[in-house]
Every structure is written in structure tokens, then in C-alpha cells.
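Scroll down for the structure; my scribbles are underneath it.
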Amino acid sequence: MTDPAALPPTTDQADLQNRISPREGWLIGLLFLVLLGLKVAYAYHFRIDTDEVQHLHLVWAWSKGLLPYRDVFDNHGPIFHLLYSPLFRVFGERADIIIPMRLAVIPLWAISMGCVYILGKTIFSPKVGIWAVLFTAFYPEFLFTSTEFRTDDLWMTVWLVAMVIAVRGTLQWKRAFGVGLLLGAAFAVTVKTGLMVGSIGFAGALLVAWGLRWGIKADWSLILRLALAAFAGLLVIPALLVLFFAWRGALRDFIYCNITHNLVPHGQNWGRLDGHLLWFPVFCLGVAVLIAWRRPANWDRS
């Protein structure tokens, strides 16, 4: 005889479990007010990181008509600095410029947290989405780093918006192109995006392998169309930047600062084995076991 506790919850039971009680609603509201207060307070009082000064210098360069990479060195993409240069002109050169610029990235943080909510709501439930936002936002390292004026603010936002577009409906070629377009924008913020794109490709390959393991046939024609649409979108913004810097006679500087400089031999982990990397083969082994033994869930987002 089947244990009733082992059965999946009915729709009514699931709605009851995901319903936010009045007491919980007051707690959530209070935590969001505290969070907003902390963001503003840290914008004024949190210590200044050297990366922030570097990014402000690039914003200043754009505002003065200088061309980054040719006139000023930087190893990040140009989009973040270019986006905030008009605001820098409004505030002008001042000793406390870091404060208004920090306040100006709070909207990016808010959009990112909204994306976390949408992802949690779409995959699980609205209640999970709300608490995911709070746990993420209060995590100390994230709370402090997202307060700083840095390219990661925009990079995080673009990435999360891309993920929201990917999961909020059936993935057709238009949606895949939009995701690719946003990933291309992320590349224009920092080339670290390559690691994230690689992880998406790896995850996609694992999903196909998982499906084949359990007899789910892959629609290779659809997969190819989606991959080509995403790749086409991915090329748009980087291609426009290449054309722009080539037109300004700074293509070689643009490529060196964004790509070549970031691949310097013997830098970081290039010249030695780091013990922290040992987690990767363990992870791969765990994924192999998952593919071999766990049946895929029936998620219908059509």
C-alpha cells in the first residue's frame, strides 16, 4: 500500500504550500526595506575598491572624447563605461563622484533581483522566487560587491535577462536570437562571458545526452536552428564594436586589451596546477552518475 505522504501534492496542496501568509508577507516587506536601506548606506560608506577607480577612469575617458584601448588602457569591454559616460558628464569631476555613480548602478541590481524572482517563480513558485531574491541579496559577498561601481553590475543584469528570456516560454528561433543578442552584449561588457557561454553549451550537451539515455529522441533540426539563431545574435554587438574600432584605427589595440592581454602566459592558473580545480573532475563524475541513473522530470513550458 502506498504511503500518502510519499505521493506528490495535489494542486490545492501545492497552492497552499506556496501561499505567503500575512505574517510572512510583513517579514518579507520588512526585509526588502532593510535591504534597500543597506544598499543606499553602503553606497555612501563602503570602502572604495581599486577596480572602481579603474572603471571611473574609463568613464572619464569616454566623457572627454578619448578612445579607450588606443588612448587609455583597459582589459574590459567598452559598453559599461560608454553607457555611464553621459551620467558622468552630468555630475562632473568631483571628489565624491564614486557615490552618485554607485547609486546609479542600483537600478541594474534591482533588475537583476527581479530576474532572480522570475527565474525562481518560473521554475518553482512565486514564494521560492521571493526568498531566492532575499537570500541572494543578503549574501555578504554579493551585497558588498554589487554595491561597487564595476562592469559586473551590467554583466550580471544582461546575463540574468538572457536567462529569463530563455526559460519564459518555448524556445523558438526568435527567442534564441534574443538570448544570443544579450550574450553578445555581455561579451561587450567583458570577455569573461566566454566561460558562461561555454557552460551553457556544456549544459545543453548534457541535456541531450540525458534525454538519449532515457529514450527521448533529440530533434536535431530544431537544435541546429536554435544554435544558429543564438550564434547569429551573439555576433551582432561584437561585430559592430569591431567595425567601430577598425573605423577609428584602433582595432589592434581593441583586440590586444580585450583578448590578448587577458591570456597572458603564466598568469593566474596558466602555469601551475591549482588544487581548487580538482572539483571539476568530481563534478563531471557526479553529472555522469546523474545521467546514468536519474530519470528526467516532465517539465512542460509550452
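As a basis for the values below, the full set of heavy atoms in this structure was taken, side chains included, without hydrogen atoms, waters or symmetry mates. All values derive from a computational prediction rather than experimental measurement. Count residues from 1 along the sequence.
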Residue Phe244 excluded, over 12 heavy atoms near CZ under 6.0 Å: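 Result for CZ/Phe244: enclosed.
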Neighbour count >12 (heavy atoms, 6.0 Å) for atom CZ, Arg23: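 Result for CZ/Arg23: open.
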message: Considering only residues two or more places apart or on different chains, which pairs with a residue in residues 198-207 satisfy salt bridge (charged side-chain N to carboxylate O under 4.0 Å, His left out)?
response: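 Those involving residues 198-207 do not exist here.
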task: Enumerate the residue pairs fulfilling salt bridge (charged side-chain N to carboxylate O under 4.0 Å, His left out) with a member in residues 229-258, sequence neighbours excluded, ordered by first and then second residue.
output: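 Residue pairs with at least one partner in residues 229-258: there are none.
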Shortest non-hydrogen contact from [X] to [Y]?
| X | Y | value |
| --- | --- | --- |
| Arg89 | Ser63 | NE-O, 3.5 Å |
| Leu183 | Ala162 | CD2-CB, 4.2 Å |
| Ile99 | Ala43 | CG1-O, 3.9 Å |
| Ala137 | Leu35 | CB-CD2, 3.3 Å |
| His261 | Asn75 | CD2-CB, 3.9 Å |
| Val59 | Ser85 | CG1-CA, 3.6 Å |

task: Tell me, with the steps shown, if His55 and Tyr84 meet ring pair (Phe, Tyr, Trp, His ring centres under 6.0 Å).
output: CA-CA 10 Å; His55 297 312; Tyr84 277 92; over 10 Å; no
Is any side-chain heavy atom of [X] closer than 4.5 Å to a side-chain heavy atom of [Y]?
| X | Y | result |
| --- | --- | --- |
| Tyr44 | Leu103 | yes |
| Asn258 | Phe254 | yes |
| Phe231 | Leu228 | no |
| Trp159 | Leu182 | no |
| Gln54 | Asp74 | yes |
| Thr157 | Trp109 | no |
| Pro126 | Tyr117 | yes |

message: Show, in sequence, the C-alpha distance, side-chain angles and deciding distance for Leu38 and Phe138, and conclude whether the side chain to side chain contact (heavy atoms under 4.5 Å, CB included) test is met.
response: CA-CA 10 Å; Leu38 286 174; Phe138 275 109; 3.9 Å; yes
message: Is a donor from one side chain sitting under 3.5 angstrom from an acceptor on the other, for Thr147 and Arg102?
response: no
Atom [atom1] in [X], atom [atom2] in [Y]: separation rounded to 0.5 Å?
| X | Y | atom1 | atom2 | answer |
| --- | --- | --- | --- | --- |
| Ile237 | Leu181 | CD1 | CG | 5.0 Å |
| Thr145 | Phe46 | OG1 | CZ | 6.5 Å |
| Phe177 | Ile165 | CZ | CD1 | 11.5 Å |
| Ile106 | Ile111 | CD1 | CD1 | 12.5 Å |
| Ile118 | Met163 | CD1 | CE | 13.5 Å |
| Ile28 | Ile130 | CD1 | CD1 | 4.5 Å |

- prompt: So Ile97 and Trp60, side chain to side chain contact (heavy atoms under 4.5 Å, CB included) or not? Walk me through it.
  reply: CA-CA 11 Å; Ile97 185 62; Trp60 169 85; over 6 Å; no
Residue pairs fulfilling side chain to side chain donor-acceptor pair (under 3.5 Å) with at least one residue in residues 183-206, sequence neighbours excluded: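 Output for this query lists Asp152-Lys192, Trp155-Thr193.
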Qualifying residues under side chain to side chain donor-acceptor pair (under 3.5 Å), relative to Trp131, sequence neighbours excluded: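 With sequence neighbours excluded, Trp131 shows a side chain to side chain donor-acceptor pair (under 3.5 Å) to Glu24, given in chain and number order.
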- prompt: Are Phe149 and Phe88 an aromatic pair by the rule of ring centers under 6.0 Å?
  reply: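 No - the distance between ring centres of Phe149 and Phe88 does not fall below the 6.0 Å cut-off.
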Is [X] linked to [Y] within one hydrophobic cluster, defined over Ile, Leu, Val, Met, Phe, Trp and Tyr using a side-chain heavy-atom separation of less than 4.5 Å?
| X | Y | answer |
| --- | --- | --- |
| Tyr139 | Phe135 | yes |
| Leu30 | Leu134 | yes |
| Leu224 | Val197 | no |
| Tyr42 | Ile48 | yes |
| Val90 | Trp62 | no |

task: Run the numbers on His76 and Val189 for side chain to side chain contact (heavy atoms under 4.5 Å, CB included), then give the verdict.
output: CA-CA 6 Å; His76 301 84; Val189 177; over 6 Å; no
message: So, using salt bridge (charged side-chain N to carboxylate O under 4.0 Å, His left out) as the criterion, who are the partners of Glu93 when residues are at least two apart?
response: Lys64
- request: Could you pull out all residues at least two apart from Asp51 that satisfy salt bridge (charged side-chain N to carboxylate O under 4.0 Å, His left out)?
  value: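 Residues passing salt bridge (charged side-chain N to carboxylate O under 4.0 Å, His left out) with Asp51: Arg150.
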task: Could you walk me through whether Val116 and Met113 pass the side chain to side chain contact (heavy atoms under 4.5 Å, CB included) test, one step at a time?
output: CA-CA 5 Å; Val116 171; Met113 294 300 93; 4.0 Å; yes
Check: Arg70 side chain, Gly249 main-chain N or O, donor-acceptor pair, under 3.5 Å: no
